[in-house]
Amino acid sequence: MLKDKKVLICVTGGIAVYKAVALVSKLAQAGADVKVMMTESAKEFVTPLSFQVMSRNDVFFDTFDEKDSSVIAHIDLADWADLIIVAPATANVLGKVANGIADNMVTTTLLATTAEVWFAPAMNVDMYQNKAVMRNIEMLSNDGYRFIEPSEGFLACGYVGKGRLEEPEKIVELVFEHFTPRNLPLKGKKVVITAGPTRERIDPVRYVSNFSSGKMGYSMAEAARDLGAETVLISGPVSLDKPSGVRVVDIESAEDMFQAVVKEYEDAAMVIKSAAVADYKPAEIHHQKMKKSDGDAVLQMARTTDILKTLGERKDQQILVGFAAETENVLAYGQDKLQRKNLDYIIVNDVTDPDGGFGNDTNVVTLLSKKGLVQPHESMPKRQLAKVLLEEIIEEEGLDGFNDR
Ligand code: CTP
């Protein structure tokens, strides 16, 4: 599957070097032309011979050992590679590359290449979370380097946490995906997605909110990104990592979300409203902490703007997708919202289903369309479901029809 693909694996010095041997072996088995470059510290863990045997190529580690006098090895390799993966990537190599340092063959080659470079970090969990390392990772991400995040588990240092080199099988899968020409039906389209709860302040220390985790919206954003969309994720307060390659706008209240969505609406090709927006907010925000008294308290609530309904009224070329969380008459209430809010699609879920709803990693939904589609779905992980739903919408719209809208 990777025939004619040239992959340079740069191995830096950490205990996970042994996994890089498996990575090289799997890439070579998949047909890739693999070359390996090592730092001196990497050689302390595994000998170059292991990599030479697995890659069936010479292994490079000395900038000044020019095996072929007709070329300069590090420039030649930098130009040769279609893809470079630094695995394992130590904190040291991240720090050096982030700062443009080129003091060995690996860092010199990384500075000289125009190929795509991926880092697969592996280190002790505290080291990984060290501020300098985080800063370097952010800097490298902004410079266009991609990261294969370490996974969590037992670390060689005895700790349990984030810092294990991603499994070679998973890295090979990413390499496959990278080299497989993909169908990107949303390329050139702006897709705006809202996610999470909103928070409506009562006073400086209290608020009204709901149990939305944001997982469905974040999954929709990742799926839109993977289908080629320029993706904007307008997110309420959630405890999820920001997806890479997605522009995230953080908001707090329903009003903030309304403003943020309206700002992005005009040139959007699709708007997906997965957020659980508060329907009511405290009628007045107290600027000082409210003091308790002996009696009961009554909180006067005022309606928030129905964002989706307003978008439906202002609809132009946008494909409008809503969500409905229901506890009874799921399909009937869904159809009603679809009509009432002038939507193209609505994704309805029964939040009483043990596999569906807030906080779960799975969801059970039915996709309804303005044109009469009723497409139920079995329980599925939210990530998978997001992709299936978007693909269905794209198919319903017809790729060409979608482009012409
Ligand atoms: N929604 C919105 N603005 C609001 C409330 C909801 O945009 N103020 C959107 C949600 O993002 C979701 C859809 O409307 O996509 C349906 O949300 P839901 O709370 O199920 O529906 P409501 O319109 O609030 O209807 P009801 O309370 O009658 O169930």
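Just follow the structure's listing: the first ligand is 1, and inside any ligand the first atom is 1.
Judged by distance alone, the side chains of Ser213 and Tyr218 never bring a donor and an acceptor atom under 3.5 Å apart. Using a 3.5 Å distance cut-off with no hydrogens or angles, the side chains of His377 and Glu392 do pair a donor with an acceptor. At a cut-off of 3.5 Å, with distance as the only test, no side-chain donor of Asp353 or Asn363 sits close to an acceptor on the other residue.
Phe323 O, 3.6 Å is the protein heavy atom nearest to atom 17 (O) of ligand 1. Protein heavy atom at the shortest distance from atom 14 (O) of ligand 1 is Lys341 NZ, 3.0 Å. The shortest contact between atom 7 (O) of ligand 1 and any protein heavy atom is with Leu308 N, 2.8 Å. For atom 3 (N) of ligand 1, the closest non-hydrogen atom of the protein is Ile307 N, 3.0 Å. At the top of the distance list for atom 19 (O) of ligand 1, counting protein heavy atoms only, stands Asp279 OD2, 4.2 Å.
Of all the atoms in ligand 1, the ones that sit under 4.0 Å from a non-hydrogen atom of Lys337 are 18 (P), 20 (O), 21 (O), 22 (P), 25 (O), 26 (P), 29 (O). For ligand 1, the atoms sitting less than 4.0 Å from at least one non-hydrogen atom of Ala278 are 8 (N), numbered in the order shown with element in parentheses. For ligand 1, the atoms lying closer than 4.0 Å to a non-hydrogen atom of Lys273 are 2 (C), 7 (O), 11 (O), 12 (C), 15 (O). For ligand 1, the atoms sitting less than 4.0 Å from at least one non-hydrogen atom of Ala324 are 20 (O), numbered in the order shown with element in parentheses. When each atom of ligand 1 is checked for a heavy atom of Gly322 under 4.0 Å away, the hits are 15 (O). Of all the atoms in ligand 1, the ones that sit under 4.0 Å from a non-hydrogen atom of Ala325 are 20 (O).
With a heavy-atom cut-off of 4.0 Å, Thr304 touches ligand 1 through its side chain alone. Counting heavy atoms closer than 4.0 Å to ligand 1, residue Thr305 contributes backbone atoms (N, CA, C, O) but none from C-beta onward.
Here the closest heavy-atom approach between residue Tyr145 and residue Phe147 is recorded as O-CD1, 4.1 Å.
Of the residues Val321, Ile319, Thr231, Leu389, the one that meets the side-chain contact (heavy atoms from CB on, under 4.5 Å) test with Ile272 is Val321.
Some N or O of Ala275 is nearer than 3.5 Å to an N or O of ligand 1, by distance alone. Checked against a 3.5 angstrom limit, the closest N/O atoms of Val277 and ligand 1 fall outside it. Distances between N or O atoms of Arg340 and those of ligand 1 include no value under 3.5 Å. Polar contact with ligand 1: absent for Thr194 (N/O pair, distance under 3.5 Å).
With values rounded to the nearest 0.5 angstrom, Leu331 atom CG is found 12.5 Å from Asp336 atom CG.
Under a cut-off of 6.0 angstrom, the local environment of CD in Glu313 is crowded, with over 12 non-hydrogen atoms contributed by other residues, nucleotides or ligands. The 12-atom threshold is exceeded at CD of Glu169, counting heavy atoms of other residues, nucleotides or ligands nearer than 6.0 Å.
Cation-pi geometry between Lys370 and Tyr345 is not met: the NZ or CZ atom fails to fall both under 6.0 Å from the ring centre and inside 45° of the normal.
Judged purely by atom type and a 3.5 angstrom limit, Ser50 has no side-chain atom pairing as donor or acceptor with the backbone of Val46.
Looking at Lys3 and Asp33, no side-chain N of the basic residue comes within less than 4.0 Å of a carboxylate O on the acidic one, giving no salt bridge.
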